[in-house]
Amino acid sequence: MASVNLISLCKRFDNNIPAVRDVDLEVRDGEFLVLVGSSGSGKSTTLKMIAGLEEVSEGEIHIGNRNVTYLEPKDRNIAMVFQNYALYPHMDVYSNMSFGLKVRKVHPNEIDRRVKEVSNILGIQELLRRKPKQLSGGQMQRVALGRAIIREPDLFLFDEPLSNLDAKLRVKMRFEIGRLHNDSKCTTIYVTHDQVEAMTLGDRIVIMKDGMINQVGTPLEVYDRPSNRFVASFIGSPEMNFVNGHVTRVDESLRFVSDDGYLIQDLGTDRLLRNADKGVVLGIRPEHIKLMPLNKGAGSVQVEVVEHMGFQTMIMGRAGKTEITALFDRNELLKFGDNIGIDIDPANVHLFDIESGVSLVGE
Ligand code: ADP
Ligand code: MG
C-alpha cells in the first residue's frame, strides 16, 4: 500500500492543447479516490500518466516515497483495470489471472494458492478452465479484477471498469468493488464519468473539467458545498435547478429576486455574500424544494410533467421562464397543468457568481 502524490502534473499532446493542467493531488494511503468528470476532461490521461502508459509533459508523480515519474510501468507495482477487460483471448481464466505472476517468476505452488484464493473471493472458481469468449460481461470483468488483485500491487487504477455492463450488473459490481476495497484497503484511484458511482464508491472525489481539478472533497462535502456552478450541476441527480436574479437587502436580511420576479426567496441574515449586489444565480436541488399552498412560499410553478416513481413524485414545470424540477414525497394528487406553490429553506440555497460561476457563499 502507498500514498500517491501528483505535483503540478501537465500533459500536452501534439496539438499542444493541454489535456491535463497543473494537477496537484494527494491520495492517502489506503484511500479510495474517484476522478469524475465528463468525457474529455483528462481523467484517463491522468490515470495513464500514473501508470506510466503516457509520458508526463511537466510535473512529478510520487508513489509512497518513490519518484516514479520516469520509471517504466512494470517498475511501478501498479495494477490497472480498464473498461474493455483486455483479457488474453487464447488463454483460459486461470492463465489470464496467473500470467503476470508467471512473468515475475513466482513459484507455481504460490501462483496456484493465489489463483484459488482470489477466484474464491470473486466467485469465479468454477470458471478457471474457460476461455474469455465463454464468459458473460460480468464474469469477464471479475476475471479482469482478479488479474489485478492477484498481483498484490501498491496501487489499483480503474478506468471506467463498469461502463460495458448493464445497469443491474453495474450496481452489483459496484458493491463488490467497494467490498473488495474495504477488505484489502489498497490505495485506489478510480475513474468514472458517472457521478453516482463516484458518490457511492469514493472516500473522496475529485471533479475534473477541461483538464483541471474543480473540487476535491468527500461525497457529502461536494454535494453540500459545491465550489462552483459546474460542480453543483455535475453532482446530484436530478440536477440542481438554477435561477438567474439579483440579491437585495431588506432591513437586516438578504432577499433573492429572480429576473422575471417569479421567485422571491429570503436568504436569512447570517449569509456572508461577496459581490451580492451584482447579478447572481440561485441554485436549489430538486429534493430541497417543498410543496406549499399557493402564495405562501417562494413562488409558484406551472406543472408540465409528473413522474410517479413509487416513494417519490417528481415534477417538472416552469416558474415564469425558468424550468424547475422538484422531488416531493409520494403525491398521487399532482397532475399536468397544476399550478403549485413551492418553498425553499434558506439553508439549502446555493448562490453563484453569474459570470464566473464561483460559489458566493463566504467562507
Ligand atoms: P477522459 O478520460 O476524461 O474522457 P481523456 O484523458 O481521455 O479524457 O482526454 C483528455 C483530452 O485529451 C481530450 O481532449 C482528448 O481528446 C485528448 N487526448 C487524449 N488522448 C490523446 C492522444 N493520444 N492524442 C491527442 N489527444 C488526446
Ligand atoms: Mg477516459
Side-chain angles (χ1 to χ4, degrees), residues 4-27 32-61 63 68-70 72-73 76 78-87 137 140-141 144-145 148 155-167 170 173-174 177 187-202 204-217 219 222 226-237 239 357:
V4 180
N5 214 344
L6 310 182
I7 306 161
S8 304
L9 203 57
C10 293
K11 178 69 188 181
R12 280 180 300 276
F13 288 105
D14 303 335
N15 56 13
N16 238 357
I17 303 166
V20 175
R21 319 180 197 202
D22 268 330
V23 163
D24 281 299
L25 186 64
E26 214 179 323
V27 189
F32 198 117
L33 187 98
V34 180
L35 299 182
V36 67
S38 30
S39 174
S41 56
K43 309 181 295 293
S44 294
T45 305
T46 305
L47 212 63
K48 283 186 202 152
M49 285 193 283
I50 299 170
L53 303 174
E54 196 74 81
E55 256 176 53
V56 166
S57 303
E58 276 168 50
E60 289 181 8
I61 300 166
I63 299 178
V68 303
T69 317
Y70 301 105
E72 292 290 315
R76 299 190 184 196
I78 286 172
M80 188 152 171
V81 180
F82 297 95
Q83 173 178 350
N84 59 3
Y85 326 109
L87 300 176
M140 278 196 266
Q141 192 51 284
L145 268 176
L155 177 64
F156 272 124
L157 303 179
F158 289 93
D159 194 349
E160 314 244 8
L162 308 183
S163 298
N164 282 353
L165 306 178
D166 65 57
R170 213 155 52 218
M173 289 299 289
R174 197 174 85 203
I177 289 175
T187 312
T188 302
I189 306 178
Y190 186 105
V191 160
T192 178
H193 64 275
D194 178 351
Q195 61 95 18
V196 176
E197 245 171 58
M199 296 287 280
T200 49
L201 279 171
R204 287 188 305 157
I205 66 184
V206 176
I207 296 108
M208 290 189 69
K209 183 171 184 268
D210 302 332
M212 286 182 288
I213 292 179
N214 270 230
Q215 190 168 2
V216 183
V222 295
S227 62
N228 63 35
R229 182 174 166 167
F230 172 74
V231 174
S233 67
F234 197 81
I235 299 295
S237 177
E239 199 179 303

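Note that the structure is a prediction, hence the values are computed from the model and not measured. This chain uses plain numbering: 1 for the first residue, then up along the sequence. When a ligand or atom number is given, it counts from 1 through the structure's own listing order.
Less than 4.0 angstrom separates atom 21 (C) of ligand 1 from at least one non-hydrogen atom of the protein. Shown here, atom 5 (P) of ligand 1 is in close reach of the protein: a heavy atom of it lies under 4.0 Å off.
Considering both main-chain and side-chain atoms, Ser44 comes within under 3.5 Å of ligand 1 through a nitrogen or oxygen pair. Here's the thing with Ala19: none of its N/O atoms is less than 3.5 angstrom from an N/O atom of ligand 1. Note: no N/O pair closer than 3.5 Å links Phe13 and ligand 1 by distance alone.
In this structure the side chain of Leu155 never reaches within 4.5 angstrom of the side chain of Thr188, judged on heavy atoms.
No side-chain donor from either of Tyr190 and Glu160 sits under 3.5 Å from a side-chain acceptor of the other. A donor and an acceptor atom, one from each side chain of Glu60 and Thr69, are nowhere located under 3.5 Å apart.
With a cut-off of 2.8 Å, the Mg ion (ligand 2) has an N, O or S atom of Ser44 in range.
Protein heavy atom in closest approach to atom 9 (O) of ligand 1: Thr45 OG1, 3.7 Å. The protein heavy atom nearest to atom 13 (C) of ligand 1 is Gly40 O, 3.9 Å. Of all protein heavy atoms, the one closest to atom 8 (O) of ligand 1 is Gly42 N, 3.2 Å.
Taking CD1 of Ile189 as the reference point, atom NZ of Lys43 lies at 14.5 Å (rounded to 0.5 Å). Interatomic distance, OG of Ser41 versus CD1 of Ile207, reported as 11.0 Å (0.5 Å rounding). With values rounded to the nearest 0.5 angstrom, Ile177 atom CD1 is found 4.5 Å from Leu162 atom CG. Taken from CZ in Arg12 to CD in Glu58, the straight-line distance is 4.5 Å, to the nearest 0.5 Å.
Against a heavy-atom cut-off of under 4.0 Å, Ser41 is close to the following atoms of ligand 1: 1 (P), 3 (O), 8 (O).
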